[in-house]
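Below is one structure; the comments refer to it alone.
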Amino acid sequence: MGAKAVLLEKDQLTAGFLNVETQVLTPSETKELYPLMNVDDIYATLYSPADGCLDPSSYVAALSRAATMLGGKIFCNTGVTGIDTEVINGRKRVTAVRTEKGTIKN
């Protein structure tokens, strides 16, 4: 494993303190677990057998449903160019989202 894998080993050590089982895997070991994953440009991965998996499309659909139920609006094909924040009552809050089609404010 390359020098960058040292960072993963630090993460593994931290996870151990939290009683989370992890393993640093080589690209070939990662490919065995995830055959569709392109491992050509990675040094190593941090694997946690107890972690779950999810379908990204279903996850995004669920987030979209929840957002619209709470009054949010979904803008398709609209790139975000910036996010404006402000500290309100001691907490950082999003006050506007800048997009290629204009600024959205609450």
Side-chain angles (χ1 to χ4, degrees):
M1 282 188 259
K4 292 184 180 182
V6 171
L7 295 174
L8 290 178
E9 290 171 349
K10 280 181 67 177
D11 289 343
Q12 182 183 27
L13 185 61
T14 300
F17 286 122
L18 299 172
N19 293 320
V20 175
E21 179 188 355
T22 58
Q23 301 167 340
V24 176
L25 303 179
T26 65
S28 60
E29 291 170 328
T30 302
K31 188 73 168 178
E32 285 178 36
L33 284 172
Y34 302 100
L36 299 178
M37 184 176 182
N38 177 7
V39 297
D40 295 340
D41 58 349
I42 63 172
Y43 293 93
T45 58
L46 187 63
Y47 174 66
S48 177
D51 280 355
C53 294
L54 61 86
D55 169 37
S57 297
S58 297
Y59 180 65
V60 170
L63 287 177
S64 298
R65 267 192 314 277
T68 54
M69 286 174 58
L70 294 169
K73 294 180 182 175
I74 307 297
F75 295 91
C76 296
N77 303 313
T78 305
V80 173
T81 59
I83 298 175
D84 296 340
T85 61
E86 192 176 308
V87 176
I88 302 171
N89 296 326
R91 296 182 73 187
K92 192 174 191 178
R93 302 287 187 177
V94 173
T95 55
V97 176
R98 286 181 268 124
T99 75
E100 58 196 20
K101 296 180 182 177
T103 300
I104 304 165
K105 291 185 178 187
N106 188 3

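Formation of a donor-acceptor pair under 3.5 Å by the Lys31 side chain with backbone atoms of Asn38 is not found in this model. Between the side chain of Thr22 and the main chain of Tyr47, no donor-acceptor pair closer than 3.5 Å is present. Using a distance-only test at 3.5 Å, with no hydrogens or angles considered, no donor-acceptor pair links the side chain of Ser57 to the main chain of Asp55.
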* Audit row: Asp84, Arg98, side-chain contact (heavy atoms from CB on, under 4.5 Å) steps and yes/no -> CA-CA 8 Å; Asp84 296 340; Arg98 286 181 268 124; 2.7 Å; yes

* I would like to know whether Thr95 and Thr85 meet side-chain contact (heavy atoms from CB on, under 4.5 Å); could you show each step before the answer? => CA-CA 5 Å; Thr95 55; Thr85 61; 5.6 Å; no

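Within 6.0 Å of the CG atom in Asp41, the count of heavy atoms belonging to other residues, nucleotides or ligands exceeds 12.
Both Ile42 and Leu33 are assigned to one and the same hydrophobic cluster, defined by single-linkage of ILVMFWY side chains at heavy-atom distances under 4.5 Å.
Annotation for Met37 and Thr45: closest pair CE-CG2, 4.3 Å, computed over non-hydrogen atoms. Residues Thr78 and Lys101 approach most closely at OG1-NZ, 3.5 Å, considering heavy atoms.
You'll find the side chain of Ile104 reaches within 4.5 Å of the side chain of Thr99, heavy atoms only. Counting heavy atoms from C-beta on, the side chains of Glu21 and Ser48 never come closer than 4.5 Å. You'll find the side chain of Thr68 stays beyond 4.5 Å of the side chain of Lys73, heavy atoms only. Between Val97 and Val80 there is a side-chain heavy-atom pair separated by less than 4.5 Å.
Rounding to the nearest 0.5 Å places CD1 of Ile83 at 12.0 Å from OG1 of Thr103. Atoms CD and NZ, from Glu86 and Lys92 in turn, are 11.5 Å apart once rounded to the nearest 0.5 Å. A distance of 14.5 Å separates OG1 of Thr30 from OH of Tyr43, quoted to the nearest 0.5 Å.
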